**Student:** 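Supplied in structure tokens, the structure appears directly below.
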Amino acid sequence: MNIWLAEIWRAWRASLRRPGFLLLATGVLALGVGATSAVFTMIDGTLLRPLPYPNPTQLAALGPVQDGNVQAVSPQQYQHLDGLAGVRSLGIYEGSSPPVNIAGGGVPLQVPSLYIDRGLLPTLGVRMALGRNFSVEEDRRNGPSAVILSHGFWQRRFGGNHDVLGRSLQVEGVAHAIVGVLPASFDLTHGDVVLPTAFRANSTDDGTNYSAVARLDDGVDPAAVTAQVQARLRGMYAASAAGANRDYWLRQHFGAQDLRANLHADVRATLVMWMACALFVLLIALVNLTNLLLLRTLSRSHDAAVRGALGASLWRLLLPSLAEGLLVGIGGVLFGQALAAGGLRALQRLMPADWMPAGWAASGALQMGPMVWLLAGAVGVFGALLAAGLGLWRARRAISMDELREGGRSGLTVRSGRLGRALVVAQMALATALLFAAGLFLHSLFDAAKVNLGFNPQGVLTFELAPVKATYPDAVAVQKLSQQVVDRLRLLPGVSDAAVTTNLPAGDFTGQFNLGGFHPPGGESFGTQFRGVSPDFFGLFGISMRQGRVFAATDVRGGEPVAIVNKTLADHVYGGHALGQLVQRGDGKDMLSARIVGVVADTYQFGPLDPGSIQPILYLPLAQMPDDALRAFRSFEPMRFAMKVHGNPDDYRKGISQAVAEVAPDQPIANVRTMQA
């Protein structure tokens, strides 16, 4: 044993005295190990690690099923799921993190929220860090106002003080009593403040904006609950009055799905693609390392032949190369893990929070656990030893006198280079395949970057403002505030134009506002994207008019209702002859009936690579937007303001805050960024 340790130490000392080869081989291996570890950490933290709740395998998502995954449910659907056999408890949450305005404990802020019913936290098995869950009364319509804080928001806003319970927090201008603080492990969404859903009893709301969660009884599989969910919701719609929604839902399928698989269904394909790329990089690194260690072994063939002729045992001949491979493996693992840790920290710091799963944003969420270290150690050390072993196998004739006579003092022969050349060819083939795939990917992105999105984002600065609901309760108040803000923004030096809209032309991937039930007089109903805009919206974004006119300052409440449609809606609904036609929604005194005064070009809402990016869009003047539609929109999304600016957009951030403060001193804003970004 002492002889072996001495041989290993002698080989390591020789490598460290001439570190050039060691650094090269270690660096090659570290790239492959680091890429694999980083991606596996993301997969482990998302797809493999159990949810941070007791008995997570009992948790399931319930609702409509599309493409094999359970989708969002409506309040009406959720209330009809009560009492399913094998289901211990139910809960529901609104997953899009709608913004709310808060005051108290510091400067006013606009923060993301989380709406839940009182059944969600017990269903998940959440133990509060402080305080309690919502009471029955607090989860009823017009009940006492209460709020629960996320752990991160409690730390940032209140410094982690334990006397926060019972204090008042102004939420949308209404005082809410702080009744609890969530644990740090709760990562269902990005919400900072948690509010009760407070659904009406026997709600008829069929807007699918919520996610239903069930805790199943012991031994009950989600597949066993699927038939009940299907029968219950199909039966509900079969018994309802005839209508477009009824016919649609009767054609759909409903079921149950493991909650972990459901939460991460949208990122699974992306992570698998990243893992495939990382494995390709690792394979290239291992082939390259094998070639390096082969050359290293062959360079010692004369020394091995001499030692063999002097009677050295086989292990004494093999040990220097294996020891050097072990050193390369250990160094590659340590350096690779450092690269992976740095890459993961950069990912958390640079990637916008709404681009990644909620759990990734938490501090330490993407730490490399024991499983990642075990995988990296096994891959790195075993890969290096295997590479060294291949080199020894090819150089096995170096111990013979024939090899010594053939190769002379160098120990190299013609036959000795065959494996090296084969490895070079394999490495080039793998690298070419990876480069070809990356080239196709970049080519697609380059082509996409050249696509005309239907609007001009250059020089446009945007920000969000969610009017405080208690101060601005209806459409008239919101429109008045919006116009005052737009007028004040236009006075800022360097601002050539300003506009307000419910939705930007693109980039609002989760904030689209869809409404159904529109129809031409006597025609079939259709669904569309619905937007309220100020008159200067189309000019500011450079959206070209195909027919008719843009909105005018005279298109106000009390005047003739007007609308503008995009080309897709005009073609599909009006056969390309929409100008002057009527578009209607509802009936009786609440019917919306607007005359189409313009047709504008299509815009790519979700980017040029999404086949469903071009949607039918109906624009209304914000001043004529129906109160019920704007109220529904404000439940989930803020208003968006846009400015045409000259120079560096960052120079306008302070001016925007001051301009809004002059119009509405207690009104916070959020997400000031360029449209180009």
Side-chain angles (χ1 to χ4, degrees), residues 50-65 69-95 114-141 143 146-148 150-151 179-183 185-189 191 194-203 205 208-233 235-236 254-264 358-359:
L51 296 175
Y53 311 114
N55 300 317
T57 57
Q58 294 180 338
L59 297 174
L62 308 181
V65 178
N69 294 307
V70 169
Q71 308 296 316
V73 301
S74 69
Q76 179 179 216
Q77 293 169 353
Y78 173 68
Q79 290 178 347
H80 278 77
L81 292 175
D82 191 34
L84 295 173
V87 174
R88 186 175 303 174
S89 61
L90 284 173
I92 195 171
Y93 68 96
E94 201 284 304
L114 170 63
Y115 282 85
I116 68 173
D117 72 342
R118 68 180 308 272
L120 180 71
L121 298 182
T123 296
L124 294 175
V126 173
R127 299 186 64 180
M128 305 293 288
L130 286 178
R132 59 172 176 83
N133 185 22
F134 296 123
S135 66
V136 175
E137 292 75 18
E138 290 163 349
D139 195 26
R140 286 176 178 165
R141 186 60 59 96
V147 63
I148 296 173
S150 73
H151 195 275
V179 299
V181 176
L182 292 172
S185 60
F186 185 88
D187 62 357
L188 202 59
T189 71
V194 184
L195 300 165
T197 53
F199 294 140
R200 295 183 185 275
N202 301 316
S203 173
D205 182 358
T208 51
N209 299 300
Y210 299 87
S211 297
V213 179
R215 180 169 288 277
L216 308 181
D217 288 332
D218 295 338
V220 176
D221 187 80
V225 182
T226 294
Q228 294 185 71
V229 176
Q230 173 85 337
R232 185 73 64 87
L233 295 183
M236 180 194 77
F254 303 90
Q257 182 184 16
D258 175 73
L259 182 61
R260 184 180 66 178
N262 178 259
L263 289 176
H264 305 307

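If you read the sequence from its start, that first residue is 1, and numbering goes on from there. Keep in mind that this is a model prediction, so the values were computed, not measured.
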**Student:** Sequence neighbours left out, what passes side-chain hydrogen bond (donor to acceptor under 3.5 Å, both in side chains) with T226? Give chain and number order.
**Tutor:** none

**Student:** What residues form a salt bridge (Lys or Arg N to Asp or Glu O under 4.0 Å) with D217, not counting sequence neighbours?
**Tutor:** R88

**Student:** Just to verify, what does R260 make a side-chain contact (heavy atoms from CB on, under 4.5 Å) with, not counting sequence neighbours?
**Tutor:** L51, D258, H264

**Student:** Tell me every residue that passes ring pair (Phe, Tyr, Trp, His ring centres under 6.0 Å) with H80, counting only those two or more places apart in sequence or in another chain.
**Tutor:** none

**Student:** What residues, two or more places apart in sequence or in another chain, satisfy side-chain contact (heavy atoms from CB on, under 4.5 Å) together with P183?
**Tutor:** V126, S185, F186

**Student:** Quick check for you: to the nearest 0.5 Å, what is the distance between L124 atom CG and L259 atom CG?
**Tutor:** 7.0 Å

**Student:** Say whether Y78 and D117, considering side chains only, have a donor N or O and an acceptor N or O under 3.5 Å apart.
**Tutor:** yes

**Student:** Taking S74's backbone N and O only, do any of them form a donor-acceptor pair with Q77's side chain (distance below 3.5 Å, no angle check)?
**Tutor:** yes

**Student:** Who passes side-chain hydrogen bond (donor to acceptor under 3.5 Å, both in side chains) against Q58, sequence neighbours left out?
**Tutor:** R215, D218

**Student:** Side chain of N262, backbone of Q257: donor and acceptor closer than 3.5 Å?
**Tutor:** no

**Student:** Only counting residues at least two apart or in another chain, list the ones meeting side-chain contact (heavy atoms from CB on, under 4.5 Å) with A60.
**Tutor:** L216, P222

**Student:** Got a sec, which residues hit side-chain hydrogen bond (donor to acceptor under 3.5 Å, both in side chains) with T123, two or more places apart in sequence or on another chain?
**Tutor:** S89

**Student:** What residues, two or more places apart in sequence or in another chain, satisfy ring pair (Phe, Tyr, Trp, His ring centres under 6.0 Å) together with F199?
**Tutor:** Y210

**Student:** Give the C-alpha distance, both sets of side-chain angles, the deciding distance and a yes or no for side chain to side chain donor-acceptor pair (under 3.5 Å) between N202 and Q79.
**Tutor:** CA-CA 7 Å; N202 301 316; Q79 290 178 347; over 6 Å; no

**Student:** With side chain to side chain contact (heavy atoms under 4.5 Å, CB included) as the test, pick out the partner of L62 among I92, L84, V213, V73.
**Tutor:** L84

**Student:** For residues 124-136, which residue pairs pass the salt bridge (Lys or Arg N to Asp or Glu O under 4.0 Å) check, not counting sequence neighbours?
**Tutor:** R132-E138

**Student:** At what distance, to the nearest 0.5 angstrom, does CG of L114 lie from CD of E94?
**Tutor:** 8.0 Å

**Student:** Checking D205 now: which residues fulfil side-chain contact (heavy atoms from CB on, under 4.5 Å) with it, not counting sequence neighbours?
**Tutor:** P75, S203

**Student:** Are the side chains of V179 and V147 in contact, using a 4.5 Å heavy-atom criterion?
**Tutor:** no

**Student:** State which residues pass side-chain hydrogen bond (donor to acceptor under 3.5 Å, both in side chains) with D221; sequence neighbours excluded, sorted by chain then number.
**Tutor:** none

**Student:** Using modelled atom types and a 3.5 Å cut-off, is there a donor and acceptor pairing between side-chain atoms of R232 and backbone atoms of D82?
**Tutor:** yes

